[in-house]
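Below is one structure, written out as structure tokens; the observations come after it.
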Amino acid sequence: VNDQNFITRRLVKLIQADISYYAMHTNFDAAPGCMADLAAERLGLAGCVPLEALGEMSGPEGAVSYGIGKSGFLKEEMTVRELAVRVKDVFGLPFALVYGDELMDQKVSRISVCPGAGGSEIEGALAWGAQVLVTGDISHHQGIDAAARGMAIIDGGHYGLEHMFIPYMAEFLRKNLGSQVELEQAPPQWPAMIV
């Protein structure tokens with residue numbers, strides 16, 4: 001550890017302040033009950049399977065598949081436009097980008113979701129038969145190419161679909177550690193804005 005760039009300078013500050021740091025970003029993305037499941041639950045998806053299966057874990061009810069993202073079904077069909085509004089509302093987003101203008105009024109029920117950057121999951125969503133992929137960090141060409149293949153993409157932004165981690169983790173720590181820890185929770189801080 002040195003102070004040669006902005007990342008390592010952050011580490012030096014943490015060490016100097018005697019603060020421990022544990023990064024669990026990717027494992028929280030894939031673990032059962034975590035990021036992908038939280039996103040699918042917010043969207044109201046049922047019958048979910050991992051979008052990109054990574055393995056199985058044993059749980060109280062037997063083996064549980066885990067992986068990146070989820071694919072599932074809306075309880076009732078809605079248009080892509082209505083789903084985009086739902087995404088914006090349930091994730092508390094200031095905006096959502098939709099690729100597939102020609103698909104906006106199409107009724108959909110087969111949805112894949114990949115919080116964070118999901119461009120690498122487009123092929124898996126298409127193979128599963130998703131009519132919409134809800135994700136973030138989609139490039140122009142990824143978006144228009146997916147739409148040309150009949151799958152709309154709703155891009156809520158990387159941060160937009162993952163900022164739910166902070167309140168989730170705060171509640172988890174409160175529930176499991178109670179008064180043993182003092183929690184400070186940062187409010188959402190959007191990394192970009194539309195002007």
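Below, each value reflects all heavy atoms present in this structure, side chains not excepted, and no hydrogens, waters or symmetry copies. In this chain, residues are counted from 1 in sequence order.
- Linking ILVMFWY side-chain heavy atoms closer than 4.5 Å, directly or via other members, places Phe165 and Leu43 in a single hydrophobic cluster.
- Hydrophobic clustering (ILVMFWY, side-chain heavy atoms < 4.5 Å, transitive): Leu45 and Val134 are in one cluster.
- Here the shortest heavy-atom pairing between Glu56 and Ala63 reads OE1-CB, 3.5 Å.
- Asp37 contributes atom CG, which lies 11.5 Å from atom CG of Asp29 (distance to the nearest 0.5 angstrom).
- For Asn2, the side chain to side chain contact (heavy atoms under 4.5 Å, CB included) criterion is met by Gln4, Thr8, not counting sequence neighbours.
- A distance of 4.5 Å separates CG of Leu51 from CD of Glu121, quoted to the nearest 0.5 Å.
- Note that the CZ atom of Arg42 and the CZ atom of Arg86 stand 13.0 Å from one another [nearest 0.5 Å].
- Connection of Ile153 to Val80 is not established within any shared hydrophobic cluster, with ILVMFWY side chains joined at heavy-atom distances below 4.5 Å, either directly or through further cluster members.
- Using a 4.5 Å heavy-atom cutoff, the side chains of Pro94 and Trp190 are in contact.
- Between Glu123 and Arg149 a salt bridge is recorded (basic side-chain N to carboxylate O distance below 4.0 Å).
- In this structure Arg174 satisfies the salt bridge (Lys or Arg N to Asp or Glu O under 4.0 Å) test together with Glu171, sequence neighbours excluded.
- In this structure, Tyr168 has its ring center closer than 6.0 angstrom to the ring center of Phe28.
- Met104 and Leu93 fall within a single hydrophobic cluster, where Ile, Leu, Val, Met, Phe, Trp and Tyr are joined by side-chain heavy atoms under 4.5 Å apart, directly or via other members.
- Note that the CD atom of Glu162 and the CG atom of Leu38 stand 11.0 Å from one another [nearest 0.5 Å].
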Enumerate donor-acceptor pairs with a distance under 3.5 Å from any side-chain N or O in residues 106-117 to protein atoms, sequence neighbours excluded.
from   : atom 1 : to     : atom 2 : distance (Å)
Arg110 : NE     : Gly129 : O      : 3.2
Arg110 : NH2    : Trp128 : O      : 2.4
Ser112 : OG     : Ser71  : OG     : 2.7

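- Considering CD1 of Ile144 and OH of Tyr99, their distance stands at 8.5 Å, rounded to 0.5 Å.
- Environment of CD in Glu76: sparse, with no more than 12 heavy atoms of neighbouring residues, nucleotides or ligands closer than 6.0 Å.
- Across every non-hydrogen atom of Leu103 and Ala152, the tightest pair is CD1-N, 3.5 Å.
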